Novice: 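Input: one structure, supplied below.
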Amino acid sequence: MDSQVPITDPTIGPKRVNNDFQSQPSESGSHSIMEAPSNKGEEEENKGFNDVNIPPAEMPKKPASEYVTVSILCLMIAFGGYVYGWDTGTISGFVSQTDWIRRFGQQRADGTYYLSKVRTGLLLAIFNIGCAIGGLAFSRLGDIYGRRKALVFVTIVYMVGLVISIASIDKWYQYFIGRIISGMGVGGIAVYSPLLISEVSPKHVRGTLVSCYQLMITLGIFLGYCTNYGTRNYSNSVQWRVPLGLGFAWALFMIAAMLFVPESPRFLIEVSQFDEARRSVARSNKVSVDDPSVIAEVEFLTAGVELEKAAGSASWGELFQTKGKVLHRVIMGIMIQTLQQLTGANYFFFYGTLIFASVGLNDGFQTSVIIGVVNFVSTFPAIYIVDRFGRRTCLLWGAAGMICCMVVFASVGVTRLWPNGKDQPSSKGAGNCMICFTMFFIFCFATTWAPCAYVIVSESFPLRIKAKGMSLAIAANWFWNFLLGFFTPFITGAIDFYYGYVFMGCLCFAWVYVFLFVPETKGLTLEEVNTMWEEGVLPWKSAQWVPPSRRDADYDVNAMASDDKPLYKRMLGK
């Protein structure tokens, strides 16, 4: 790397100093980037600038219309979520399709075909084990070859798995192997799509644009449901091979889209491609390459990358160090992704057709389409509120809303669905009530926990361990997804709708965990998020935290890291 890095002083304009960065402790115990002056004259020149806390040139906040270009680019990156959503939406219908059951199920003595609980759970849920493996195994690709090339590679892996699944004739284990390989590809996509979006997005709209990943997931689920509904009346392999074949087409579109999106400026700086990094920042923020804010942004990113490099290459063991609260962030990422699964949302997405058949609906596919519509439409408000109200607030209100919905769903299912016993017809009124509160639940989930879990994970880790930290957190999501997908048939077979009370308990725990351990990151750059973590800011005070560049003389750093109020008063907002 060039030993000279341009430094922008907003009072005197651009100049160059030696790239000799030193980490100086601030009064809060954190570190900030300071440049070592190359000579006495330059030290005198910088004296006024260093003594006075003048913020560097920042990217201007623009009207929403000015972010159309970067929004389109991020939607193309977020299309990886569509690939995952499509698979989720289609596989949930396969388990109810006659040809799929005949080919991959088992035959009873009377000649009819069925899927055992074990095989159903495996064929549905093994995909998630593949995702966990892929997310971890491919976590280094983005650091070596770049985020875009990594996305292309993992999408090709997904396509290989699809080919194996489509070619399956009557051997369930061949389809099973294809699901694992496809899952490995989607696991990599789930890491690199939100990661790349978070690194190319302007900070003012980063939460909104990362939420587009969840929007594309919901679109994929909805259209997957619609495709299953359209092919359900066929009696041959069209029922399931057409949806799988369309998944192949979506993957090709994903690869083509990578030709048009910018590479992460942080990665470009890491590999010393500074001109490309400036072009990437300018393109994302819709300003000229020579704009002072672009120069300042690249300098700021360069300083951070240099400090990361000075610490050496990151290892997996570094994820478990307490220095810089890295371990705290890893645990938080794992917990948020775990609790997203334990909300119970995928209970409805995976087994929607079976659930609503049990409440008396003759065509569960129709209700699945309705779930898909609600899930998709509800994500649009999420794109607005995640940056308007903040990540932490959305998680707290979302958990509270889902608790209420799950209580009603489970209670009606347990006490009113079968008034005359399970061997008698179900109550239509009770079934309609359960469907109604399922839709309310999906709305609460889609507007809060669905997008915010990915936003928080994409923002929380330092650059040097970001890919590894995200892959580990999202692997936890896939692991719990597998457990729920595999064991749900057994659990519902044993306790029916009492299962809803299990999710209700998990949601109560989720609310408490978010309040105590998840800080607010709205409106902060990724580097500022890192500083906030290092300063040990209490999560329930994080919304009032001010970055070092915007603090005045009266700002009390220590007050943000301590609180004498009793816990119950904090939770009640007193």
Side-chain angles (χ1 to χ4, degrees), residues 73-74 76-84 87 127-162 180-201 210 213 216 250-273 276-277 280 301 305 308-309 312-319 330 333 337 454 457-479 526:
L73 294 172
C74 287
M76 296 169 76
I77 303 170
F79 196 79
Y82 180 91
V83 173
Y84 166 48
D87 187 275
F127 177 82
N128 299 291
I129 293 297
C131 289
I133 294 171
L136 295 171
F138 300 140
S139 63
R140 282 284 295 159
L141 286 177
D143 293 334
I144 298 173
Y145 302 107
R147 314 325 191 194
R148 289 194 308 167
K149 290 181 180 178
L151 272 170
V152 170
F153 178 82
V154 295
T155 304
I156 291 173
V157 172
Y158 169 73
M159 293 167 65
V160 170
L162 280 185
I180 295 177
I181 296 174
S182 293
M184 291 177 66
V186 168
I189 291 172
V191 172
Y192 288 115
S193 279
L195 191 155
L196 180 54
I197 295 171
S198 72
E199 292 185 348
V200 302
S201 303
V210 174
Y213 178 76
M216 298 307 289
W250 308 140
L252 288 175
F253 178 85
M254 177 71 182
I255 292 174
M258 290 303 100
L259 300 175
F260 300 96
V261 302
E263 181 56 270
S264 162
R266 289 170 175 80
F267 169 77
L268 293 170
I269 290 170
E270 194 169 0
V271 295
S272 302
Q273 296 182 22
E276 287 296 321
S280 178
L301 295 177
V305 170
E308 301 286 356
K309 285 186 175 181
S313 60
S315 63
W316 282 101
E318 190 171 330
L319 295 177
V330 170
Q337 290 291 325
Y454 289 103
V457 169
S458 70
E459 294 176 338
S460 297
F461 297 105
L463 176 64
R464 57 185 278 101
I465 62 163
K466 190 170 189 178
K468 289 185 173 67
M470 286 187 65
S471 64
L472 192 61
I474 294 176
N477 184 297
W478 297 124
F479 176 72
L526 299 180

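Computed from a predicted model, the values in this text were never measured in an experiment.
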Novice: Has S198 got a side-chain atom pairing as donor or acceptor with E459's backbone, closer than 3.5 angstrom?
Specialist: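 Here the side-chain-to-backbone pair does not exist.
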
Novice: Out of curiosity, S460 OG to M470 CE, how far, rounded to the nearest 0.5 Å?
Specialist: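 Rounded to the nearest 0.5 Å, the OG-CE separation comes to 9.5 Å.
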
Novice: Answer yes or no: is there a side-chain heavy-atom contact under 4.5 Å between V186 and D87?
Specialist: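 They are not in contact (no side-chain heavy atoms under 4.5 Å apart), so the answer is no.
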
Novice: Taking Y213 for its side chain and I197 for its backbone only, find out whether a donor-acceptor pair lies under 3.5 Å.
Specialist: no

Novice: So, using side chain to side chain contact (heavy atoms under 4.5 Å, CB included) as the criterion, who are the partners of I255 when residues are at least two apart?
Specialist: V152, T155, I156, M159

Novice: How long is the straight-line distance from CD1 of I77 back to CG of L195, given to the nearest 0.5 Å?
Specialist: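 Answer for the CG-CD1 pair, L195 versus I77, is 10.5 Å.
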
Novice: Salt bridge (charged side-chain N to carboxylate O under 4.0 Å, His left out): which pairs involve residues 251-269, sequence neighbours left out?
Specialist: R266-E527

Novice: Calculate, to the nearest 0.5 Å, the distance between atoms OH and CE belonging to Y82 and M76 respectively.
Specialist: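 Result: 15.5 Å between the selected atoms.
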
Novice: CD1/I181 to CD1/I133 distance, rounded to the nearest 0.5 angstrom?
Specialist: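 Between atom CD1 of I181 and atom CD1 of I133 there are 10.5 Å.
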
Novice: Give a yes or no on whether the backbone of L196 and the side-chain of S264 come within a donor-acceptor separation of less than 3.5 Å.
Specialist: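 Pair absent, no side-chain N/O of S264 close to backbone of L196.
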
Novice: If every non-hydrogen atom of V330 is compared with every non-hydrogen atom of L319, which pair is closest and at what distance?
Specialist: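 Scanning both residues, the minimum pair turns out to be CG2-O, 3.4 Å.
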
Novice: Are any non-hydrogen side-chain atoms of Y158 and L162 less than 4.5 angstrom apart?
Specialist: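 They are in contact (side-chain heavy atoms under 4.5 Å apart), so the answer is yes.
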
Novice: Keeping the roles fixed (side chain from R147, backbone from Y192), state whether a donor-acceptor pair exists under 3.5 Å.
Specialist: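 No: the side chain of R147 does not pair with the backbone of Y192.
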
Novice: From L136 CG over to C131 SG, what is the distance, rounded to the nearest 0.5 angstrom?
Specialist: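 Reported value, rounded in 0.5 Å steps: 11.0 Å.
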
Novice: Run the ring pair (Phe, Tyr, Trp, His ring centres under 6.0 Å) test against F253 and tell me which residues pass, sequence neighbours left out.
Specialist: F79

Novice: Out of curiosity, W250 CH2 to L252 CG, how far, rounded to the nearest 0.5 Å?
Specialist: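 One gets 11.0 Å once the value is rounded to the nearest 0.5 Å.
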
Novice: For L73 and V200, what are the C-alpha separation, side-chain angles and deciding distance, and is it a side-chain contact (heavy atoms from CB on, under 4.5 Å)?
Specialist: CA-CA 9 Å; L73 294 172; V200 302; over 6 Å; no

Novice: Check for a donor-acceptor pair, side chain of S471 on one end and backbone N or O of K468 on the other, with a separation under 3.5 Å.
Specialist: yes

Novice: Are the aromatic rings of Y84 and W478 close, with centres under 6.0 Å apart?
Specialist: yes

Novice: Side chains of P194 and V457: closer than 4.5 Å at any heavy-atom pair?
Specialist: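 They are not in contact (no side-chain heavy atoms under 4.5 Å apart), so the answer is no.
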
Novice: With heavy-atom distances below 4.5 Å as the criterion, would you say the side chains of F138 and M184 are in contact?
Specialist: yes

